[in-house]
Amino acid sequence: MKNWGFKIAEPRTLDLDKADLKLYSKIVEKVPSARRCLMCGMCSATCSAANHTNFNFRLVHHKLRMGMFESLNSELDKCMLCGKCRMLCPRGVNTRAVIYNMRIVLDNMYYKNI
Amino acid sequence: MENKKSVLIIGAGPAGISAAKSLADDNVNVTVLEKEHSFGGNINNWAKLFPNFKDAAEVKSQLVQNFENNKNIKILYNKKVTELKKHNQKWIANTSDGEVFESNATILSTGFKVFDAKYKEELGYGIYPNVITSVEFERMYKDGKIHTQQGSVPKRIAFLNCVGSRDEKVGNHYCSRICCIAAVKQAIEFKELYPESEAFIFYMDIRMAGQFYEELYRKSQEKHGVVYIRGRISETSSTIDKKVQIKAEDTLAAMPLRMTVDMLVLMVGVEASETTTILSKQNNIDGPYGFAKSIDIHTADNYSNENGLFLAGSCKRPLTLTESIADGKSAAFSVIDYLKQTK
Amino acid sequence: MEEITKKYWKDYQKEIADDNFYYERSCIRQSFFPGSEAAFLKILREILGKNVIDDPNQHTCTGIGYHSDIVPFDTTMTVVARIFSLMKDHGVNNFIPSCVTSFGIFNEVVETWNHFPEEYEKTKHFLKQATGRDFEIPQNISHASDIIYKYRKELKEKMPYRLVNRHTGKPLRVVEHIGCHYSKLFAKKSEGGMEFSKVLVGMIEEWGGEVVDYPERRHCCGFGFRQYIVMANRGYSVANTKKKFESMQPYKPDFIVANCPGCAMFMDRWQYTIAEMEGTTYDDNKMGIPVLTYEEMAGFLLGFNPWDLGLQLHQVQVEPLLDKIGIPYDPKDKYVGKSGNFLGEPEKPENLITVYGK
Amino acid sequence: MGKFYDLLMQDVRFVEGLNACMNCGVCTAICPAAEIYKYDPRQICDIVQSRNEEKIKELLLTDTIWYCGQCMSCKARCPRGNTPGLIISVLRKISQETGLFTNSEKGRQQFAIKRTVGENILNTGYCVHIDIVNPKLHPEQGPVWKWYYENKEEIADRLGANYNKDGSGALRKIPQQNLDEVKKIFEVTGGLDLFNKIEKYSESAAKSMNIYFEKEGINNEYFFQTYMENSGKHEN
């Protein structure tokens, strides 16, 4: 085997042709208010978990919306489900329910893959 | 007819016609010169209007009532004004077919034109199939079917905001104001026709600065599942099966994004119409970007620096239809004031 | 506010000088494609009858060092000034760099001088201090490919061959790759503007070929200066080329042509690397897609001996292409050196096929 | 105003390269580096325009700024006329001048570039020359290159070159007077200073990393460390 000294890097581009956007609709089915999210970031600004971890609910929600599931599972574990974000959301998104249902959907996916 | 004052209005769009009606109601003789063969200006580019989906044709027919059978209003079509100048307290307008019109006061209501998307070559308009402008979308919608060049209904459509606006590459630093809400409206119309298809809107800021705009935006998300992507499209290209490949950044995830859509709609911005620029320059009332400049945007917005030359509507800046109609009326009152003072 | 004239850039024509050139050689083209520079001079002098200075004193513009950040901008500007000063010694005014990076450097430096007159004064001072020299900004800076583009019609008349498949009579399908620093730095320095530069398209279409427009056409080849020079970074470089090849593959191009020597070299070598690392090739015969410099393309159409042009220096073999067009070549002459001796053959890669006809 | 921002502002390329950024992302959209690395030119513009000294310092210390490939595709598209690629150049310059570059793996590579391209410019008058593209350091160049490299004079001269000889032509030996003048330019304009800084900081980095360093050439462990080290955490 030849030693090349490097390997061909894989692109990290978000490819919406390959992304699974259907998974998100499962969340929306359970939590219709999720669709109203503006991505304003008020949730992550007030987040208690974000005070001592790098948890960013706005980003996690967005990633799921765009079909990027990788590592989201462990991200969600940082949330304590305190629900403070829900009290502040200017569009009345039931953020707590979004997380709760994301866990279920992602767990199902995870087990299916085993 | 004893010494009745005459006013010339250049442009029979919403502002011009509203101004004409108000002036005529005050017993002023009004001549309206329109370069096209019909009135309405840019209303003719719309099928339905934001934010209430009112039929554009309906607004047009309401405008007709403003001047139809009104003996004080004379509308002349296919009259393109090429020169406007002041001479002995009178305003003289020359048209391209050699006619001369004289008046005591003139209202410039020469409106706007939409940005020519061919200038943004990276977006592929006029180069690749299935890249269309918002104006073309309206036309298709009016005909009842949104279809690709191949004739099929798009399974995926994307709308791109700020085409020709907020872009120094084409010399336009300003926001055109109407495109954001137009994109929301068109995405909803598309989803209502084809609920199974997907619609994406690429934006930098969603500027919903009008009554019921924000509500419409919310509805587009909640009811129709329109997906909003915060990022400006950098480049399009055509795939082998005539889809449009898009490159943008999903700035909310800080990730480069690539996708193909069956159709890309460019939300073309508002620019000063050619006549606006030419006539403003002739009279030294031209402002930035070739629009006409009023004396003061707050307190004297219908007055130009030239006595007796008034401004109405989107010859000054991008305005909505609502604003243009109101501005036409406002201009009429300024003219009436002026006519009273001059004798 | 700056008045911006709107342009349909596609129709944009820049000014290209027509004679009395100072040819600034390219480090990369000299090393990897010496035959291309020789062919360029031969075309200009012998076919077009132009006066071209080939100055032994010229040297690097430091472009690769500058873009990999080990050379400060002041140094690069002064080195560039020295080259302009050398040109002045020869009494010509039209500068034609062979390299696309250099083309970008020269334009960037001149634009900086125009925008910031104090930088111009500083450079003049530096050059004087270091070398005692004076310089003038050239009247015209065009890339060497611009000259070939400008005279594409005249050259066509001298060409015995066309970019046409002699078996089918159909135009060859050509991928053109514009070096980023030719068009992306300054739109007005690119014939046809930033997006759809015409410099290669003009040659290809004039000489009978058909340009392939594939989605990743405008993407960088991936050189990336430090991203290639340093071994650990080469994964970046090859990944970008790979992306281009994946995108062009469905269009089945007959060959690729580039105006930048770096792009031409990388798009050739990375095909080999990808084939050896992953077993993938992007043509039907596992031989790869030949990548040419524009001088090589012009040269063989003009009837130059392919092995004098240096086509044997490509890792992806060009014989299938030569046969498609009907250009004769002597297989025995391929691996012969200046002395006329046979130099032996390169080793065969494991995956990329280099033996034609098997 | 802070220290680093002031340093940035001293460079005309920064003045030229950054107007107000509106975070639209057209640069990142087509950036070859953003495809491969966790790299986002838009965010870099946003950080420098925020003038947050701490964050700017972090840029100078870490791998991020070294991911850019200087293709300048970003310049072609920016609707505010910015050039993120130029901003990167200035950040890199400051990172080297302050010695912060040796804190990151990609930053340390400047040493390898200086010892190859940098030395080559001064010694031969070429940035890149056939003689330094040794097949051993360039396996990707393939067997044809190896064949060419081993027979370079025979082959290059057949193709019209004038390999390593006096007179004009490709690959000629560049007359000494020119090299002297180029070197003098490097001296006067800060080119040599930068070389010396790269050397000085690299030497102390080598020492603190306990890696064998030599004052010249590429046959030492630190060169190969900077040339070949890839922790694998950069690419996707």
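To find a chain, count down the sequence lines: A is the first, B the second, and so on, and within it residues start at 1. The figures that follow rest on heavy atoms only: side chains count, while hydrogens, waters and symmetry mates do not. Note that this is a predicted model, so its numbers are computed, not measured.
Under the 4.5 Å side-chain criterion, counting only non-hydrogen atoms from C-beta, D:E140 is in contact with C:R234. Here the side chains of C:R133 and D:E181 are in contact, with some heavy-atom distance below 4.5 Å. Within the 4.5 Å cutoff, side-chain heavy atoms of D:I155 are placed close to those of C:L313. A 4.5 Å side-chain heavy-atom check between D:R158 and C:D308 finds at least one atom pair inside the cut-off. For the pair C:K348/D:P143, no side-chain contact is recorded, criterion being any heavy-atom separation below 4.5 Å from C-beta on. Within the 4.5 Å cutoff, the side chain of D:V117 has no heavy atoms near those of the C:V71 side chain.
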Decide side chain to side chain donor-acceptor pair (under 3.5 Å) for C:R226 and D:Q110; before the verdict, give the C-alpha distance in whole Å, the side-chain angles of both, and the deciding distance to 0.1 Å. CA-CA 8 Å; C:R226 70 188 321 285; D:Q110 289 309 97; 2.9 Å; yes

Run the side chain to side chain contact (heavy atoms under 4.5 Å, CB included) check on C:E345 and D:W147 step by step: do they pass? CA-CA 7 Å; C:E345 285 190 23; D:W147 169 79; 5.8 Å; no

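To the nearest 0.5 Å, the span separating OG1 on C:T75 from CZ on D:F195 amounts to 8.5 Å.
Per-residue heavy-atom pair counts under 4.5 Å with chain D were compared for C:H219, C:E37, C:R218, C:E108, and the maximum is reached by C:H219. Note: C:C180 leads C:C180, C:G340, C:A38 in heavy-atom pairs under 4.5 Å with chain D. Across D:T116, D:D11, D:D157, the residue that shares the most heavy-atom pairs under 4.5 angstrom with chain C is D:D157. Residue with the most contacts toward chain D among C:Y66, C:F223, C:F186: C:Y66 (heavy-atom pairs, distance under 4.5 Å).
Proximity to chain D is limited to the side chain of C:Q317, based on heavy atoms less than 4.5 angstrom apart. Only the backbone of C:H314 comes within contact range of chain D, judged by heavy atoms closer than 4.5 Å. With a threshold of 4.5 angstrom between heavy atoms, C:E119 approaches chain D through side-chain atoms but not through N, CA, C or O.
Note on D:K146 versus C:E347: salt bridge recorded, some NZ/NE/NH1/NH2 to OD/OE distance being below 4.0 Å.
Although no hydrogens or angles enter the test, the distance criterion places a donor-acceptor pair under 3.5 Å between the side chain of D:K75 and the main chain of C:L185. In this structure a side-chain-to-backbone donor-acceptor pair under 3.5 Å is present from D:E154 to C:S339.
Residues C:Q30 and D:Y163 bring no donor and acceptor atom of their side chains to less than 3.5 Å of each other. Between the side chains of C:T112 and D:E16, no donor-acceptor pair is found at a separation under 3.5 Å. No hydrogens or angles considered: nothing links the side chains of D:E35 and C:N240 as a donor-acceptor pair under 3.5 Å.
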